[in-house]
*Asks:* 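One structure, as C-alpha cells, below. Some questions next.
Note that the coordinates shown come from a computational prediction; the quantities given were computed from them, not determined experimentally.
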Amino acid sequence: MASVPSLASSVEQRVSDALASALPEAGAADPMLRRSDRADFQANGILALAKKAKANPRELATTVVEAIPTGDLINEIEVSGPGFLNITVSDEAIVKTLAARAADDRLGVPLNASAGTTVIDYAQPNVAKEMHVGHLRSAVIGAAMVEILEFTGEKVVRRHHIGDWGTQFGMLIQYLLEHPHELDHKSGDGDEQASGEEAMSNLNRLYKASRALFDSDEEFKTRARARVVDLQAGEPETLALWQRFVDESKIYFYSVFNKLDMDIQDPDVVGESGYNDMLTETCKLLEESGVAVRSNGALCVFFDDVKGPDGNPTPLIVQKSDGGFGYAATDLSAIRDRVANLGATELIYVVDARQSLHFKMVFETARRAGWLNDDVKAVQLAFGTVLGKDGKPFKTREGETVRLVDLLDEAIDRASAVVREKAQDLTEAEIAERGAQVGIGAVKYADLSTSASRDYKFDLDQMVSLNGDTSVYLQYAYARIRSILRKAGDTRPVAHPEVALAPTERALGLHLDGFGELIAEAAAEHAPHKLAAYLYQLASLFTSFYSECPVLKADTAQQVENRLFLCELTARTLNKGMSLLGIRTPEKL
C-alpha cells in the first residue's frame, strides 16, 4: 500500500497552494506549519513572505485564507496577530486519515525512496573480558537504530567490532601454554546461560593470573611479547589457542545479548582481527598519497586544529615506530572494507563520547584519502556515561565496575516483583516471562529515552515504576488497551468519520497521525530518544482519552466502534514503536 499523507502535510499543501495563488511572484513558499496549542496547526510563513514582498502581513493572510477551501480537510481558519494562521482540521479528516493508516501493515509510514546501505558499528565487547555497564549503551542504542533504519527501508549491515587482537593475547596464550591445565572446559550441561558464565569465569581467572605474572616476571613478559609476534605471523598453535579464547568469549557474549533480548548473529561479529590482512596496504596507501608522513619512525597524520596540552599538534598514529599497528590502522581498514566491499553509503559508529577525538581524526583521514566523500559519510553516534543515583560513574560499593549481567538480573528481579504485585490471572511461568520483558524493557527505555549524548542516572526504582516516563507505563498502557479489546467481545473496532470527536479523542488522533513523520525524523537524526518521547506522549494522551471518554459504554454503537478503533490503532502504534526500540509489549500484565 502507498504511504498515507499526514494531516500536517495535507494542510501544508493547501496553505502553500493558497500562498502561491496570492503571491505568484514568490514561487513555492514554505507555510512554516507547526502544531499549536491555539488550534490544531499554526502557519507562520506569511510574515517572512510579506516582508519580502513589502506587503501588509495581515492583509496578505486574509487573502490567503480566502483562497483556502474549507469543509472537508480544514474546518476553520482564523488570522491571528500580525498574520499567523490558526488552522483547525475537521473531525472527519482526522478519522479518515487514521482509517487509511490502520488499513496499512506499516501504519502508513513511507519507505525512503532514496535509502542506501548503512553499516552500524555497535555492541563491541572485548574478548576474554567481562561485559560491564559501559557496554550497555552501545548495544541498546545501536540495536534501536538498526530497527528504525530498516523500518524506513534502509539496507542495514550490522558490525560488532569486538576487541580480539593485541598485546594481551600474547600474554594469555603464553600463560596457557605454560599452564595448560588452567583453562577448564565449559559446563556442557546444555544450559546456555550457565555455559556463558562458565566460559567467562574461566577466561577472567586466566586473564588475572596471566596479568599478575606479566607484571611481576620480566622473563615471562619477554616471552609474552614474542608470542604476540607469533600471533601476528599466524603461527598455527598460537592461532589455535587465540581462536579458542574468541570462541569461549562468544559463548559468553551471546548469553548476555540473549538476556538483553538482542539478536547477534555470528557473521555480524567482525573483530579487530578481521582487518589484519589490510593493515599494511592501508599504511602504504596513506603514505604514498601523502596523507600520512613518517615522524620519528612512526606513520602519522597531522591536523591543524588538533593540538595537545603543550600546544603542539597531536597526530593520529597509524603505525608505531616499532612497526606495530595502532587502533587507527584497524579503523581506517574497516572503513575501506565497509565502503568498497559492503557498499556502504553511511557509516554509524555507536561509540563512547570519550573517543570523539579519535574518530574525528580517523574520519578526516579517510576523507583526505578519498575513502569518504560526498556520497559516503561517517558519523559517530557518541553516547554519554551511565551514572549511579549519586550522579557519579556507576560502580559497585567496592569501587569495581558493575558487571552488565548482574545489573540485568537485578532489573528482572525488581520488575518481576512489580508484575507479581499487579498480576491477576498470571501463572508463575508467565510472571517470570513478563518480569524479564518488563525488566529488560525498563533498562533499555531508560537509556533510549535520554538523548544519546547526555549522561543518565541508572535508578532501577524509577525505571520499573508504573508512573512517569518509563517503559512499564507504556507496557501497561498497551496491556490495558488489549484488555479493553478483549472485553469488547464481538463488537469490532470500526472507523466512523461521521462521528464527532471529543477534545481528548482529537488530541490522540492528531498524535497518532504524526507517527510516520516522527519515524523519519528519528532515522535522519539518529535519535531514538525522539521515538521514546513520542511513545510516552502517546501513552499519556491515551490515558487522558480513556479517563474522559467511556469506550464500551459510549452513547451510541457508532461511538463505541469508533473509540475501539482509536484504541486498536493506539495499541498497534505502541507495539510497533516499542519493537523498534527493542522492547516487548506483553498482551497481559
Side-chain angles (χ1 to χ4, degrees), residues 3 106 109-124 138-139 141-162 164-165 262-286 288-289 291-292 301 316 318 325 327-351 355 358-382 519-528 580 582:
S3 62
R106 294 178 50 80
V109 178
L111 286 166
N112 182 1
S114 59
T117 298
T118 296
V119 177
I120 301 189
D121 188 325
Y122 69 109
Q124 311 105 343
S138 178
I141 295 169
M145 280 313 307
V146 166
E147 296 298 328
I148 291 169
L149 287 172
E150 283 188 334
F151 186 56
T152 64
E154 190 81 0
K155 178 186 176 185
V156 178
V157 180
R158 301 156 173 81
R159 276 294 174 267
H160 307 294
H161 191 84
I162 63 172
D164 65 353
W165 206 248
M262 280 176 53
D263 181 30
I264 303 286
Q265 298 293 332
D266 223 43
D268 304 332
V269 181
V270 183
E272 296 167 2
S273 64
Y275 306 101
N276 283 343
D277 295 343
M278 299 177 68
L279 301 181
T280 300
E281 186 183 22
T282 295
C283 291
K284 181 182 175 187
L285 290 169
L286 291 172
E288 287 180 349
S289 64
V291 172
V301 182
L316 181 70
V318 184
F325 299 103
Y327 288 121
T330 304
D331 287 331
L332 288 163
S333 297
I335 288 175
R336 287 177 55 213
D337 174 65
R338 292 166 183 183
V339 174
N341 298 326
L342 300 179
T345 51
E346 181 174 41
L347 306 174
I348 300 175
Y349 292 77
V350 189
V351 183
Q355 295 189 45
H358 169 78
F359 279 100
K360 177 185 175 183
M361 293 193 290
V362 165
F363 295 160
E364 177 57 27
T365 299
R367 272 189 287 272
R368 292 180 187 179
W371 303 329
L372 296 176
N373 50 48
D374 291 343
D375 298 323
V376 186
K377 64 177 180 176
V379 294
Q380 182 192 0
L381 208 175
I519 291 293
E521 186 179 333
E525 297 179 16
H526 307 142
L580 294 178

*Asks:* Calculate, to the nearest 0.5 Å, the distance between atoms CD and CD1 belonging to Q380 and I348 respectively.
*Replies:* 12.0 Å
*Asks:* Minimum heavy-atom separation for I335 and V362, please, with both atom names.
*Replies:* CD1-CG1, 3.8 Å
*Asks:* Run M145 and V350 through side-chain contact (heavy atoms from CB on, under 4.5 Å) and show every step you take.
*Replies:* CA-CA 10 Å; M145 280 313 307; V350 189; 5.7 Å; no
*Asks:* More than 12 non-hydrogen atoms from neighbouring residues, nucleotides or ligands closer than 6.0 Å to CG on D266, yes or no?
*Replies:* yes
*Asks:* Could you check K284 against E281 for salt bridge (Lys or Arg N to Asp or Glu O under 4.0 Å), going step by step and ending with a plain yes or no?
*Replies:* CA-CA 5 Å; K284 181 182 175 187; E281 186 183 22; over 6 Å; no
*Asks:* In this structure, is the centre-to-centre distance between the rings of F325 and Y275 below 6.0 Å?
*Replies:* no
*Asks:* Under the criterion side-chain contact (heavy atoms from CB on, under 4.5 Å), I'd like the reasoning laid out for V269 against D164: C-alpha separation, chi angles, the key distance, then a yes or no.
*Replies:* CA-CA 11 Å; V269 181; D164 65 353; over 6 Å; no
*Asks:* Can a cation-pi geometry be assigned to R106 and F151, taking NZ or CZ under 6.0 Å from the six-membered ring centre and within 45° of the ring axis?
*Replies:* yes
*Asks:* Rounded to the nearest 0.5 Å, what separation is found between the CD1 atom of I141 and the NE2 atom of H526?
*Replies:* 12.5 Å
*Asks:* Between atom CG of D268 and atom CD1 of I120, what is the distance when rounded to the nearest 0.5 Å?
*Replies:* 11.5 Å
*Asks:* Please report the closest heavy-atom contact between V351 and Q124, naming both atoms and the distance.
*Replies:* CG2-NE2, 3.9 Å
*Asks:* Considering only NZ, NE, NH1 and NH2 on the basic side and carboxylate oxygens on the acidic side, decide whether R368 and E364 come within less than 4.0 Å.
*Replies:* yes
*Asks:* Is the count of non-hydrogen atoms from other residues, nucleotides or ligands lying under 6.0 Å from F359 atom CZ greater than 12?
*Replies:* yes
*Asks:* Taking all heavy atoms of T117 and all of L342, pick out the closest pair and write down the distance.
*Replies:* CG2-O, 3.8 Å
*Asks:* Go through it in stages, so that I can follow the logic: the residues are F363 and L347, the test is side-chain contact (heavy atoms from CB on, under 4.5 Å), and I'd like the CA-CA distance, side-chain angles, deciding distance and then a yes or no.
*Replies:* CA-CA 10 Å; F363 295 160; L347 306 174; 5.9 Å; no
*Asks:* Which residue, T365, L286, D331, forms the side chain to side chain contact (heavy atoms under 4.5 Å, CB included) with L316?
*Replies:* T365
*Asks:* Is it true that the side chains of T152 and N112 contain a donor and an acceptor less than 3.5 Å apart?
*Replies:* no
*Asks:* Between M262 and A143, what is the shortest heavy-atom contact and its length?
*Replies:* CE-CB, 4.1 Å
*Asks:* Please report the closest heavy-atom contact between L279 and S333, naming both atoms and the distance.
*Replies:* CD2-OG, 3.5 Å
*Asks:* Decide side-chain contact (heavy atoms from CB on, under 4.5 Å) for Q265 and R158; before the verdict, give the C-alpha distance in whole Å, the side-chain angles of both, and the deciding distance to 0.1 Å.
*Replies:* CA-CA 9 Å; Q265 298 293 332; R158 301 156 173 81; over 6 Å; no
*Asks:* Looking only at heavy atoms, what is the nearest atom pair of M278 and R336, with distance?
*Replies:* O-NH1, 3.5 Å
*Asks:* Per the side chain to side chain donor-acceptor pair (under 3.5 Å) rule, which among R338, R159, H160 passes with D121?
*Replies:* R338
*Asks:* When rounded to the nearest 0.5 angstrom, what distance separates OG in S114 from CD in E154?
*Replies:* 8.5 Å
